[in-house]
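Only heavy atoms go into these numbers, but all of them, side chains included; no hydrogens, no water, no symmetry mates. By convention here, the first residue in the shown sequence is residue 1.
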Amino acid sequence: MRCALSLLAALPALLAGCVDGPVISPPPAQLREAASPPGLPQVRGWGDDLSAEQTEAARAAIVDSLRARWEAEGRPAAGVASETLALSGGGPDGAFAAGLLAGWTEAGDRPEFELVTGVSVGALIAPFAFLGPGQDASLRALVTNMRTEDVLELQLVGALRGELGIADPEPLRRLLRETVDAAMLDAIADEHRRGRRLLVLTTDIDAARPVLWDMGAIAATGAGDLFVDVLLASASIPGAFPPVPITVEAGGEQFVELHVDGGVTRSVTIGPTGLTSALAVNAGFPVRRRIFVIQNNTLAPTYAPVARSLPAIATRTVSTLIRAQSAGDLTQIWLTAREIGAEFNLAFVPAGYGAASTADFDPEIMTRLYEVAYASARDGMDWLAEPPGVVGYQVIARASE
């Protein structure tokens with residue numbers, strides 16, 4: 001399994017020209033900005049930029065939500081708390097976030113998050129985190145019992161015949177359909193109506209841009225199939241999983257977009273660039289902002305001589321690229337925090353506890369990582385106030401010991 005999936009980086013070149021894949025009709029360039037899932041024009045936007053109109057709408061929504069909470073709390077002189085949680089990708093290392101959340105609950109100071117975002121495996125965890133401590137047991141059962149066969153089935157012959165991935169994601173789709181039931185959708189919709197937001201990132205592979213989906217808005221419409229498709233797309237590693245087709249309409253016609261892992265464009269996010277100015281708005285009363293980032297990866301590079309083989313070099317190259325991208329994304333969030341006067345908090349997988357592969361889901365390894373994170377958070381998590389791009393990797397390495 002690990003050997004087959006380590007060929008991921010080289011697979012497109014190996015299969016190019018073998019066969020023609022299925023014909024997909026994407027929106028033409030002139031209609032892409034207007035395209036949206038049928039009947040749902042307000043459930044998504046670009047994850048890297050906001051238009052002036054979207055920024056203004058976001059600003060108004062944020063101020064209205066904060067003011068409503070401030071008034072409901074009796075207009076305290078200290079103002080109102082605004083808490084954000086961002087969950088990164090990381091495959092089986094998502095057990096770290098699950099354990100940290102449960103330990104945080106046990107510590108007694110886990111806040112209710114106004115905004116929760118998720119990328120890749122972080123997207124799968126995000127609905128549980130959004131709904132709060134009552135979901136801790138379900139999340140633990142999910143991450144500590146998950147096996148590779150619960151997530152994917154290899155289809156190498158199918159890939160040679162034109163399938164767009166070497167693994168069939170149907171096991172993960174079935175798992176998501178069982179997990180995201182009507183009760184969960186209703187609960188997420190209720191929190192959305194309270195003004196809280198749950199956002200999940202995918203990558204539109206035709207546009208080569210990140211797309212942020214408002215999962216609460218989707219849940220409020222009862223569009224459970226789309227909800228599952230977005231979660232599946234956010235965790236669909238290109239080459240390993242096929243892209244997830246999502247039907248959209250524009251100009252009176254229907255088209256099919258292809259969405260893949262959100263981690264292709266962002267390892268972790270709190271929103272597009274234009275959101276910064278919306279968050280920085282003066283609400284007319286004090287706002288105490290905190291941003292918590294749970295990075296489901298180790299951040300400090302380790303020296304490990306690489307076997308002189310294509311799979312080993314490809315795998316090491318991809319992991320190095322992901323770490324570098326993560327450092328940039330974390331720095332951007334830290335800069336945003338400084339601009340809006342928010343407290344920045346970062347937690348990440350300690351060295352030596354992560355899974356050997358982002359595609360191998362081993363319950364024993366994941367349970368160990370869950371327990372390590374749980375104990376750390378229960379005993380008082382030592383959050384970092386600055387990311388590796390600011391403090392340097394020596395500090396990160398010491399913090400992960």
Side-chain angles (χ1 to χ4, degrees), residues 42-43 45 50-87 100-101 103-118 126-136 186-200 212 214-220 269-294 333-347 377 380-381 383 385-386:
Q42 304 297 326
V43 299
L50 284 179
S51 66
E53 294 79 8
Q54 290 172 320
T55 298
E56 184 56 40
R59 179 184 293 111
I62 290 167
V63 171
D64 288 347
S65 176
L66 290 172
R67 180 176 291 111
R69 288 176 47 220
W70 182 60
E71 291 180 349
E73 294 172 10
R75 299 191 173 192
V80 65
S82 177
E83 314 278 5
T84 294
L85 174 66
L87 300 161
L100 191 155
L101 288 167
W104 203 350
T105 298
E106 185 69 18
D109 59 351
R110 174 177 167 181
E112 178 182 80
F113 299 103
E114 184 179 17
L115 170 65
V116 176
T117 70
F128 296 91
F130 182 71
L131 292 179
Q135 295 292 321
D136 286 352
D186 288 345
I188 290 172
D190 287 344
E191 293 304 314
H192 175 79
R193 296 185 188 101
R194 287 181 56 212
R196 299 176 63 218
R197 291 296 178 262
L198 170 62
L199 305 180
V200 161
L212 266 178
D214 187 336
M215 305 302 281
I218 294 173
T269 184
I270 60 168
T273 303
L275 187 61
T276 301
S277 59
L279 287 170
V281 65
N282 183 354
F285 48 86
V287 179
R288 309 183 309 278
R289 291 187 170 93
R290 292 192 298 175
I291 296 173
F292 295 90
V293 181
I294 302 179
I333 293 174
W334 176 78
L335 288 170
T336 297
R338 293 191 68 188
E339 184 175 342
I340 66 176
E343 179 185 303
F344 176 87
N345 301 274
L346 171 64
M381 195 73 192
W383 299 87
E386 295 174 313

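- Remark: I340 CD1 to L335 CG distance equals 11.5 Å, nearest 0.5 Å.
- In this structure the side chain of V80 reaches within 4.5 angstrom of the side chain of F285, judged on heavy atoms.
- Atom CZ of R288 has more than 12 neighbouring heavy atoms from other residues, nucleotides or ligands inside a 6.0 Å radius.
- Distance CD/E73 to CZ/R75: 12.5 Å, rounded to 0.5 Å.
- Put simply, the side chain of L85 reaches to within 4.5 Å of the side chain of I294, judged on heavy atoms.
- For the atom pair NE2 (H192) and CG (D190), the distance works out to 11.0 Å, reported to the nearest 0.5 Å.
- Checking each of W334, W383, F292 against F344 for a side chain to side chain contact (heavy atoms under 4.5 Å, CB included) leaves exactly one that passes, namely W334.
- Side chains of V116 and R197 form no contact here, defined as non-hydrogen atoms less than 4.5 Å apart.
- Between P286 and A78 the shortest heavy-atom distance is CB-O, 3.6 Å.
- Nearest heavy atoms, I270 versus L115: O-CD2, 3.8 Å.
- Counting only heavy atoms from C-beta outward, the side chains of R290 and P111 approach each other to under 4.5 Å.
- L101 and A129 get closest at one heavy-atom pair: CD1-CB, 3.7 Å.
- Looking at heavy atoms from C-beta onward, D214 lies in side-chain contact with L199 at the 4.5 angstrom threshold.
- Between L212 and G271 the shortest heavy-atom distance is CD1-CA, 3.8 Å.
- A heavy-atom distance below 4.5 Å is not found between the side chains of V200 and T117.
- Across every non-hydrogen atom of L346 and E386, the tightest pair is CD2-O, 4.3 Å.
- Of the possible donor and acceptor atoms, one in the side chain of R196 sits under 3.5 Å from a partner among the backbone N and O of F113.
- No hydrogens or angles considered: a donor-acceptor pair under 3.5 Å links the side chains of R110 and T105.
- Side chains of E83 and E114 form no contact here, defined as non-hydrogen atoms less than 4.5 Å apart.
- Nearest heavy atoms, P127 versus I188: CB-CD1, 4.0 Å.
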Next item on the list: Before giving the answer on side-chain contact (heavy atoms from CB on, under 4.5 Å), spell out for I333 and V293 the whole-Å C-alpha distance, their side-chain angles and the decisive distance to 0.1 Å.
Entry: CA-CA 9 Å; I333 293 174; V293 181; 4.1 Å; yes
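- Between the side chain of R69 and the backbone N or O of S82 there is no donor-acceptor pair closer than 3.5 Å.
- Between E191 and L198 the shortest side-chain heavy-atom distance does not fall below 4.5 Å.
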